[in-house]
Number of protein chains: 2
Amino acid sequence: MYTIGQVSEMFGLPISTLRYYDKEGLFPNMERQSGIRRFSETEIEALRVIECLKASGLEIRDIRQFMVWVTEGPSTYDKRKALFEARREAVETEIEKLQKMLDMVKFKCWYYETAIKDGNEDALNKMLPDSLPPEIQKLYDNAHK
Amino acid sequence: MYTIGQVSEMFGLPISTLRYYDKEGLFPNMERQSGIRRFSETEIEALRVIECLKASGLEIRDIRQFMVWVTEGPSTYDKRKALFEARREAVETEIEKLQKMLDMVKFKCWYYETAIKDGNEDALNKMLPDSLPPEIQKLYDNAHK
DNA sequence: GCTTGACCTAAAGTCAGGTTTAGGTATTAC
DNA sequence: GTAATACCTAAACCTGACTTTAGGTCAAGC
């Protein structure tokens, strides 16, 4: 069992955020001892799931819905599974998007490195859009398709 | 040259968002024809960069700073290069984080699939935290380390 | 017994990133 | 000539996710 201060330390989250999550119903069955929150393993695992669902783009209200399903027992297994399958899709899509953005960023790193060497963008502009060095051309094409 | 409506179509962005970006200074040298915005190749490429920098987690005000640097010419090449190198770091870190979250999500997909098969979580609870099937154990460990 | 530190609540405040509203212009279609 | 469309501005509004504020409880140390 942990206090809110200990959990705040463990997760690197402000105490105010943990209280906000609680107020929003993200820890539906958290115990209290004379008014003071006691975080058990259940809440710790819930918090790991919250961080994961948040990173996947889910809103607080939908995370609450999931937590409510958990309290409802086996009858909601299918809903919970469907939620995680949708999150899987969303995260995979997001990673693909970021990979594409990363190619743009890498291209721009090379671009400015070259511009600094040359002192201007003249040579670069002559290479664009399809006479770049092969490795760079790949990045450029992926970022601009 | 494109109108705001055409650009809105091309990028799938609301017209109001493009006007908002303009008001925030993200197209510092955009031309106008009797008050009407004309988006040239410069603004189209700017928009690609905006989407990229936004996806990388940069705020509008910092994107504006970059656009200002572009108008200032070769003297800001080093700043622009440094910005993209920082973005590269940020995106790589974000992708790693999402990979970890994806492992959690995949674990949960398997978890509920199994719970549905079994009708309860009893067998699952006996396997936790370190007697899971090998492939699943990897996901679980990565998500919980 | 009083101060310090860790906890509590309700309610107001903040911030980024847009979106909506209200009112207006200019061109094209009938 | 008038109606529909596509554009314009300034300013108000909205939303989600927190954070801050103001005021209070309670146990431990001195």
Side-chain angles (χ1 to χ4, degrees), chain A residues 1-40 43-44 46-68 87 90 94 97 101, chain B residues 1-40 43-44 46-68 87 90 94 97 101:
Chain A
M1 287 287 198
Y2 305 95
T3 66
I4 199 168
Q6 290 169 326
V7 176
S8 163
E9 281 288 294
M10 287 167 57
F11 282 82
L13 289 172
I15 289 176
S16 61
T17 300
L18 294 172
R19 291 210 261 248
Y20 166 70
Y21 286 172
D22 186 25
K23 201 177 55 168
E24 291 299 306
L26 267 39
F27 308 117
N29 290 22
M30 187 159 47
E31 280 180 43
R32 297 213 178 204
Q33 221 166 55
S34 53
I36 291 174
R37 294 175 182 82
R38 321 281 0 234
F39 289 74
S40 72
E43 280 74 40
I44 300 300
L47 212 30
R48 277 191 284 259
V49 172
I50 289 165
E51 300 251 270
C52 167
L53 293 178
K54 244 169 54 79
S56 84
L58 213 63
E59 294 180 10
I60 298 289
R61 75 165 76 86
D62 298 319
I63 302 180
R64 170 178 41 221
Q65 177 62 265
F66 170 75
M67 295 303 171
V68 170
R87 290 301 90 207
E94 181 64 17
K97 179 182 156 192
M101 296 309 161
Chain B
M1 286 288 197
Y2 306 94
T3 65
I4 200 168
Q6 291 170 325
V7 176
S8 163
E9 281 290 293
M10 287 166 57
F11 283 82
L13 288 172
I15 289 176
S16 62
T17 300
L18 295 172
R19 291 209 260 250
Y20 166 69
Y21 287 172
D22 186 25
K23 201 177 57 169
E24 291 299 308
L26 266 40
F27 308 116
N29 290 23
M30 186 158 48
E31 281 180 42
R32 296 215 179 202
Q33 222 168 54
S34 52
I36 291 173
R37 295 174 181 83
R38 322 280 1 236
F39 289 73
S40 72
E43 280 74 39
I44 300 300
L47 212 31
R48 277 192 283 259
V49 172
I50 289 165
E51 300 251 89
C52 166
L53 293 177
K54 241 167 56 76
S56 85
L58 212 63
E59 293 180 11
I60 299 289
R61 75 164 75 85
D62 298 318
I63 301 180
R64 169 178 42 221
Q65 177 61 266
F66 170 75
M67 295 303 170
V68 170
R87 283 356 275 159
E94 181 63 16
K97 179 182 157 192
M101 295 309 161

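Chain A is the first sequence line, chain B the second, and so forth, proteins listed ahead of strands; every chain is numbered from 1.
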Seminar exercise, completed: Heavy-atom nearest pair, A/I60 first then A/Y20, reads CG1-OH, 4.1 Å
For this session: Send over the distance from A/D22 CG to D/dT19 P, rounded to a whole Å.
Result: 15 Å
For this session: Please list, chain by chain and in numerical order, all residues satisfying side chain to side chain contact (heavy atoms under 4.5 Å, CB included) with A/S16, sequence neighbours excluded.
Result: A/P14
Exercise. Given D/dC8, is OP1 or OP2 found less than 4.0 Å from the side-chain N or O atoms of B/R37?
Worked result: yes
Exercise. Under 4.5 Å between any side-chain heavy atoms of B/Y21 and B/K54, yes or no?
Worked result: yes
Seminar exercise, completed: Between CE of A/M1 and C1' of C/dC7 the distance, given in whole Å, is 17 Å
For this session: Using atom CD1 of A/I50 as one end and atom P of D/dA17 as the other, report the distance to the nearest whole Å.
Result: 12 Å
Which atoms of nucleotides 13-20 of chain C (N or O only) lie under 3.5 Å from a protein N or O atom, and what are those distances?
from, atom 1, to, atom 2, distance (Å)
C/dA16, OP1, B/R61, NH2, 2.3
C/dG17, OP2, B/I60, N, 3.4
C/dG18, OP2, B/Y21, OH, 3.2
C/dG18, OP2, B/K54, NZ, 3.2
C/dT19, OP2, B/S16, OG, 3.2
C/dT19, OP2, B/T17, OG1, 2.4

Exercise. B/T3 side chain N/O closer than 4.0 Å to the phosphate oxygens (OP1, OP2) of D/dC7?
Worked result: yes
For this session: Indicate yes or no for a side-chain donor-acceptor contact from B/S8 to the backbone of B/L13 under 3.5 Å, with no hydrogens or angles considered.
Result: yes
Exercise. Over how many whole Å does the gap from B/I15 atom CD1 to C/dT21 atom P extend?
Worked result: 16 Å
Exercise. Starting at CG of A/D62 and ending at C1' of D/dT15, how long is that distance when rounded to a whole Å?
Worked result: 14 Å
Problem set entry | B/E24 and B/R64: CA distance, side-chain angles, deciding distance, salt bridge (Lys or Arg N to Asp or Glu O under 4.0 Å) verdict | CA-CA 7 Å; B/E24 291 299 308; B/R64 169 178 42 221; 3.8 Å; yes
Exercise. Please give, in whole Å, the distance from D/dC7 C1' to B/L18 CG?
Worked result: 13 Å
Exercise. So, B/E51 side chain and B/R48 main chain: donor-acceptor pair closer than 3.5 Å or not?
Worked result: no
For this session: Could you state the atom-to-atom distance from CD of A/E9 to C1' of C/dA6 in whole Å?
Result: 13 Å
For this session: Indicate, with a heavy-atom threshold strictly under 4.0 Å, whether B/S34 touches base, sugar-phosphate, or nothing.
Result: nothing
For this session: Report the distance from atom CD of B/Q33 to atom P of D/dC8, rounded to the nearest whole Å.
Result: 12 Å
Problem set entry | Side-chain touch A/R37/A/T3, heavy atoms, less than 4.5 angstrom | no
For this session: Give B/R32 one of three labels, base, sugar-phosphate or nothing, depending on what nucleic acid heavy atoms sit under 4.0 Å from its own.
Result: sugar-phosphate
For this session: May I ask you to verify if any side-chain N or O of A/R19 is less than 4.0 angstrom from the OP1 or OP2 atom of C/dT9?
Result: no
